[in-house]
Amino acid sequence: MLNRIEALENKLADAYKPGFGDFMGTLQNHHAKLWFAGENENWKLADFEIHEIEETMEDLMKYQADREESKMIEILNPAIESIEDAIEKKDLELFKRSYILLTNACNKCHQATGYEFNRVKVPEISNFSNQDFSTLEYK
């Protein structure tokens with residue numbers, strides 16, 4: 001019985017789990033999509049994207065808990081709460097200010113963890129040519 005348990009534990013240890021960079025790439029995509037959703041006042045999409053960011057952060061803390069960088073990710077929480085408030089109020093100016101806070105928090109986390117060379121910014125153009133961020137059909 002003990003050998004079976006040990007064999008299963010070894011299998012679990014070898015199971016695939018996303019790497020830290022996989023989570024960061026996912027966060028970067030949702031960060032960009034959040035901007036374009038908010039800029040277009042597509043509040044439903046912005047709400048979806050901010051929750052995708054939160055889910056990715058939760059997964060990062062779950063699957064990469066042993067990394068020091070994972071412990072720093074909570075630095076984003078105040079900015080995320082501010083963005084959620086802006087989305088709830090459908091306040092474009094508050095959204096823009098809050099998004100800049102989030103972007104700055106990302107960069108502060110990168111600096112604090114030795115990844116200062118990885119700077120994020122407010123996106124200028126969408127890399128998602130196959131997604132319409134407008135609300136034309138939803139208003």
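Shown here is Lys108, whose NZ atom has no more than 12 heavy atoms of other residues, nucleotides or ligands within 6.0 Å.
Checked against side-chain hydrogen bond (donor to acceptor under 3.5 Å, both in side chains), Arg97 has no partners two or more places apart in sequence or in another chain.
Hydrophobic cluster membership is shared by Val122 and Leu45, with clusters built from Ile, Leu, Val, Met, Phe, Trp and Tyr side chains linked at under 4.5 angstrom. Residues Ile53 and Met61 fall within the same hydrophobic cluster, defined by Ile, Leu, Val, Met, Phe, Trp and Tyr side chains chained together at heavy-atom separations under 4.5 Å. When hydrophobic clusters are built by joining Ile, Leu, Val, Met, Phe, Trp and Tyr residues whose side-chain heavy atoms come closer than 4.5 Å, directly or via intermediates, Val120 is not grouped with Leu34. If you chain together hydrophobic residues whose side chains sit under 4.5 Å apart, Phe20 and Ile73 fall into the same group. If you chain together hydrophobic residues whose side chains sit under 4.5 Å apart, Tyr99 and Met24 fall into the same group.
Nearest approach of Phe36 to Ser126, heavy atoms of both residues: CZ-N, 3.3 Å. The nearest pair of heavy atoms linking Gln64 to Gly19 is NE2-CA, 3.7 Å. Here the closest non-hydrogen pair linking Ala32 and Pro123 is CA-CG, 3.9 Å.
Side-chain contact of Thr103 with His31: a donor-acceptor pair under 3.5 Å is present, judged by distance alone. There is a side-chain donor-acceptor pair under 3.5 Å between Glu49 and His30.
Counting only distance, with no hydrogens or angles, the side chain of Ser70 and the backbone of Asp66 share no donor-acceptor pair below 3.5 Å. Asn42 places a side-chain N or O within donor-acceptor distance of the main-chain N or O of Ser134, the cut-off being under 3.5 Å.
In this structure, Lys96 NZ and Leu101 CG are separated by 14.5 Å, a value rounded to the nearest 0.5 Å.
Classification of the Trp43-Phe95 ring pair by plane angle, with boundaries at 30° and 60°, yields perpendicular.
A cation-pi arrangement, defined by a distance under 6.0 Å to the six-membered ring centre and an angle within 45 degrees of its axis, is present between Lys33 and Phe128.
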Pair Glu69, Tyr115 - check side-chain hydrogen bond (donor to acceptor under 3.5 Å, both in side chains), show working. CA-CA 10 Å; Glu69 298 92 331; Tyr115 292 92; 3.3 Å; yes

Can you give each donor-acceptor pair under 3.5 Å made by side-chain atoms of residues 74-90, sequence neighbours left out, with the distance rounded to 0.1 Å?
residue, atom, partner, partner atom, Å
Ser82, OG, Ser98, OG, 2.5
Asp85, OD2, Lys89, NZ, 3.2

